[in-house]
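Working notes, beginning with the structure itself.
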Amino acid sequence: MSNSKIKSTRARRVWDSRGRPTVEVEITLRYGATGRAIAPAGASVGTGEALDLRDGGKAFGGFGVETAIDAVNGEIAGLLKGRVATDQAAIDKALIALDGTANKSRLGGNALIATSLACAHAGAASERLPLWRYLATSAGIEEPKYLPLPEVQIFGGGVHAGGRVDIQDFMVIATGAASFAQALEWTADVYRAAGQLMADDGKLQGVADEGGFWPAFERNEEALETLVRAIEAAGLEPGRDMAISLDLAASEFGGKGKYKLIRDGRELNSDDWSGQLVDWIERYPIVSVEDPLAEGDKEGMVRFTWAVGKKVQVVGDDFLVTGAERIRAAARDGACNAVLIKPNQAGTLTETKAALDAATKAGFGAIVSARSGETEDTSIVHLGVGWGITQLKVGSITRGERTAKWNEGLRIAEAISEDDDKDGPLPPVSAFPWAR
Ligand code: 2PG
Ligand code: MG
């Protein structure tokens, strides 16, 4: 116990994948163990998220994090000194009370999540356990048995690609893969095939924020067509081996009952936009749809879930913002059947776990997710494995801040795989009723 008492808490400015500063927190325990974590940052941000505190002004284009860093090095360091790092719930509770606001805007959601995660890392180090095993043990899960199923971006759009297409994420899920390693292998085949097809068609413009291709498509649907062609070109069967998943991030182009698709030159009301999505679901092997309606369009979300929720995964991201109370309300209303779990939306590890528990209780699926602004931090992969979350979304399969996560999954796979199967078992198929 006394081994895990906190000696010091220190924050520093580090850099994220968009060239913006972010907060890293390092916690040192009395007997030398340390834990470190970095806050990520979103671009399509739900209004209910913990606030990512930025300094504003001229320096760093307004994205400076000196206020958040000062909060950690001052008030937060004072609060944590002498506390037991393994007592995560008490530490998170104290952090929330110290901040004192509903959206963590005083000390900053970025300061709090980096501190909360660093504390978990330090706790794990003090027990000489990898974080995934430490989290499992703390949550009363005896032995993690599987890796989460990867959901991987092939094309970026929306606010991650200057609005080049309206839809934000065109992703694939290797629903037919036998292991975590095989899912990544197939996905990389599709990624390279998509790049080749686009180069051949003269549609390649580089990569978007999460490493997916930044496409020069004329219409949103062209991305779906190209994705199917890419899956086939990789020698896989669309809908069986490899399915399509979309994050519409609809709050970015819709709201107040209107959805404006600039690329398609159309403005639709909520029902017609839903109808368009249902039409795509019928014509393409789409198995998962995230934020199909704007975060304020609850009625639309309920109607959409009612229409397709038996067949596809309907995921709330901006709509649920990793909030236990929102998840419970959505389950009562019949909006969504799955939730994206992003620790920095909640602001502390304990609140993140509460959201996951609410989802499990509601019978919702769960996907642990990175943000569009990321770093080499791999905490979310450990959360995924340790807490038995069945899906993982970290952007594309290129760029270091993304491969850091996939590659960490491969390392953990070796540790949890029994016998000679070192490729990483995936959750049982019953976890994915929508995988046709
Ligand atoms: C999302 C994420 C990741 P952002 O919307 O799910 O793709 O994007 O971090 O910008 O919210
Ligand atoms: Mg999203």
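In listed order, ligands and their atoms are each counted from 1.
Closest to atom 2 (C) of ligand 1 by heavy atom, among E49, Q345, M171, K342, is K342. Between the choices G42, S251, A43, S44, the shortest heavy-atom distance to atom 11 (O) of ligand 1 belongs to S44.
Neither the backbone nor the side chain of D318 has a heavy atom within less than 4.0 Å of ligand 1. When non-hydrogen atoms are compared, ligand 1 lies under 4.0 Å from the side chain of D169 (C-beta onward) but not from its backbone. Contacts between L340 and ligand 1, counted as non-hydrogen atom pairs separated by less than 4.0 Å, involve the side chain only. Of the heavy atoms in E290, only side-chain atoms (C-beta onward) come closer than 4.0 Å to ligand 1.
Taking distance alone, with nitrogen or oxygen atoms compared against 3.5 Å, S369 stays at or beyond that limit from ligand 1.
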Start with the C-alpha distance between L340 and L320, add both sets of side-chain angles, then the distance that settles side chain to side chain contact (heavy atoms under 4.5 Å, CB included), and finish with yes or no. CA-CA 8 Å; L340 213 67; L320 298 173; over 6 Å; no
Y284 vs E225, side chain to side chain contact (heavy atoms under 4.5 Å, CB included): CA-CA, chis, key distance, verdict: CA-CA 8 Å; Y284 295 94; E225 294 159 5; 3.4 Å; yes
S270 vs E299, test: side-chain hydrogen bond (donor to acceptor under 3.5 Å, both in side chains). Steps then yes/no. CA-CA 9 Å; S270 180; E299 293 74 25; over 6 Å; no
Output, in order, the C-alpha distance, side-chain angles, deciding distance and verdict of salt bridge (Lys or Arg N to Asp or Glu O under 4.0 Å) for E222 and R263. CA-CA 11 Å; E222 205 183 329; R263 187 51 43 201; over 6 Å; no
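In this structure, atom 5 (O) of ligand 1 lies nearest to the protein heavy atom Q168 NE2, 2.9 Å. For atom 7 (O) of ligand 1, the nearest non-hydrogen atom of the protein is E210 OE2, 2.7 Å. Scanning all protein heavy atoms for the shortest distance to atom 8 (O) of ligand 1 gives H160 CE1, 3.2 Å. In terms of protein heavy-atom proximity, atom 4 (P) of ligand 1 is closest to S372 OG, 3.4 Å.
Ligand 1 is approached by K393 to a heavy-atom distance shorter than 4.0 Å. Assignment of A249 to the shell around ligand 1 is not supported, since no heavy atom sits closer than 4.0 Å. In this structure, V45 has no heavy atom closer than 4.0 Å to ligand 1.
Close approach of ligand 1 to R371 is summarised as follows: ligand atoms under 4.0 Å from at least one heavy atom of the residue are 4 (P), 9 (O), 11 (O). Every atom of ligand 1 is numbered from 1 in the order shown, and the set under 4.0 Å from a heavy atom of D247 is 1 (C), 5 (O), 6 (O).
L204 is listed as a side-chain neighbour of F213, based on a closest heavy-atom distance under 4.5 Å.
Annotation: protein N, O or S atoms under 2.8 Å of the Mg ion (ligand 2) (waters excluded) comprise D247 OD2, E290 OE2, D317 OD2.
Under 3.5 Å, the side chains of E290 and S245 contain no donor-acceptor pair of N or O atoms. A donor atom on one side chain and an acceptor atom on the other are found under 3.5 Å apart for Q196 and D200. Under the 3.5 Å distance criterion, with hydrogens and angles disregarded, no donor-acceptor pair is assigned to the side chains of Q88 and S138.
Each of V385, V381, L426 was checked for a side-chain contact (heavy atoms from CB on, under 4.5 Å) with P148, and the lone residue meeting it is V385. Across F304, F319, Y259, a single residue satisfies side-chain contact (heavy atoms from CB on, under 4.5 Å) together with D297, and that is Y259.
Separating the CD atom in E408 from the OG1 atom in T378 is a distance of 4.0 Å, to the nearest 0.5 Å. With values rounded to the nearest 0.5 angstrom, I113 atom CD1 is found 8.5 Å from K104 atom NZ.
No close placement of the F180 and Y146 rings is indicated, their centers lying 6.0 Å or farther apart. Here the two rings, on W132 and Y134, have centers that are 6.0 Å apart or farther.
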